[in-house]
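In listed order, ligands and their atoms are each counted from 1. Predicted model, so just to flag it, every value in this text is computed and none were measured. Index from 1, following the sequence.
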Amino acid sequence: MTMELLKLYRTGDGNFIQHDGGSYRVPEPGWDALIAHSDLRSYLLSVATSANRVADLTGARILAPIGTQEVWAAGVTYFRSRDARMAESKDAGGGDFYDRVYSAERPELFFKATASRVAAPGEPVRIRSDARWSVPEPELTLVIDPRGKIIGYTIGNDMSSRDIEGENPLYLPQAKVYDRSCALGPCILIASDPPPASTAIRLEIERRGNIEFSGATTLAQLKRKPTVLVDYLYRDNVFRSGAYLMTGTGVVPPETFTLAAGDQIRITIDPIGTLENTVVQGGL
Ligand code: DO4
Ligand code: MG
């Protein structure tokens with residue numbers, strides 16, 4: 001049985017859904033109230049009536065689909081990420097940690113961003129002013145309600161400073177958490193099951209009109225089950241407005257590549273859409 005896609009957007013003009021070829025205004029204006037809803041899918045489907053129908057969302061300013069939730073991230077969940085981290089940190093003696101965490105029962109989970117640090121689709125993401133080697137990380141991102149249930153999926157960009165992370169694994173929070181180090185969007189695909197394993201996560205980086213890097217992975221390469229990642233995140237943690245959890249990257253550009261100001265980053269996960277951001281450095 002195929003289920004019609006149900007997508008939830010947060011815009012400058014309120015919240016909207018797209019469903020079965022139509023766009024509809026969501027009467028509930030509060031994002032946190034939606035994420036905490038006891039049956040969000042049924043509520044949103046009940047909104048798809050002629051009374052709420054709008055022409056389309058063209059012209060609406062799409063905001064990051066987040067309220068007051070924290071964004072967390074899982075690391076080293078793809079073999080490609082394990083390899084890249086081991087290489088970048090071998091001089092610092094960190095390589096072994098990444099190998100161990102890849103096969104350990106407990107996943108690596110780290111705090112990524114408050115909502116105020118998150119860039120919306122079309123907004124700039126930042127590379128740190130003191131970083132020399134920076135990359136985007138395209139990641140399927142779980143949207144989790146306060147009860148620990150996965151209610152949807154969005155696209156996340158876990159911007160990372162690889163030179164800082166590689167110098168010493170204890171610098172991870174500085175390599176990962178800074179203003180606009182995270183982008184989310186363009187919408188939330190409302191679904192309890194993840195997209196099929198064959199789903200591609202594509203990354204494209206454009207520089208002065210040329211594609212400087214493109215790469216892809218599929219969800220089949222993700223080593224950890226989303227529900228297990230959520231189980232660890234919610235263990236001994238209360239998230240009153242729910243939480244977002246990025247599931248790790250399986251696309252890592254070669255070591256010779258670093259992001260530069262002006263680059264356009266495009267991340268596509270087909271059932272959800274494309275998240276696009278321009279890069280700036282410094283400029284706070
Ligand atoms: O362990 C460092 C971060 C890993 C990460 O962000 C990823 O694998 O996506
Ligand atoms: Mg990551």
Checklist outcome for this item: Closest heavy-atom pair, D32 versus G67, reported as atoms and distance to 0.1 Å, is OD1-CA, 3.4 Å
Item to check | Nearest heavy atoms of M159 and Y178, plus distance in Å | outcome: CB-OH, 3.7 Å
Inventory of protein N or O atoms under 3.5 Å from ligand 1 N or O:
from	atom 1	to	atom 2	distance (Å)
ligand 1	1 (O)	E108	OE1	2.8
ligand 1	1 (O)	E108	OE2	2.9
ligand 1	6 (O)	E137	OE1	3.0
ligand 1	6 (O)	D158	OD2	3.0
ligand 1	6 (O)	K176	NZ	2.7
ligand 1	8 (O)	V76	N	2.8
ligand 1	8 (O)	S81	OG	2.6
ligand 1	8 (O)	R85	NH2	3.4
ligand 1	9 (O)	E137	OE1	3.0
ligand 1	9 (O)	E139	OE2	3.0
ligand 1	9 (O)	T249	N	2.9

Checklist entry - Taking it one step at a time, do R61 and D13 satisfy salt bridge (Lys or Arg N to Asp or Glu O under 4.0 Å)? => result CA-CA 8 Å; R61 189 164 60 94; D13 187 31; over 6 Å; no
Checklist entry - Could you give the distance from CD (Q18) to NZ (K7), rounded to the nearest 0.5 Å? => result 6.5 Å
Item to check | Crowding at OH, Y171 (>12 non-hydrogen neighbours, <6.0 Å) | outcome: no
Item to check | Heavy-atom closest pair, residues N15 and E28 | outcome: ND2-O, 3.3 Å
Checklist entry - What's the count of protein N, O or S atoms under 2.8 Å from the Mg ion (ligand 2)? => result 3
Checklist entry - Step by step, would you call R207 with D263 a salt bridge (Lys or Arg N to Asp or Glu O under 4.0 Å)? => result CA-CA 5 Å; R207 182 170 298 164; D263 286 355; 2.7 Å; yes
Checklist entry - Any chance CZ of R235 has more than 12 other-residue heavy atoms, nucleotides or ligands included, within less than 6.0 Å? => result yes
Item to check | Among T274, I267, L184, side chain to side chain contact (heavy atoms under 4.5 Å, CB included) partner for I155 | outcome: I267
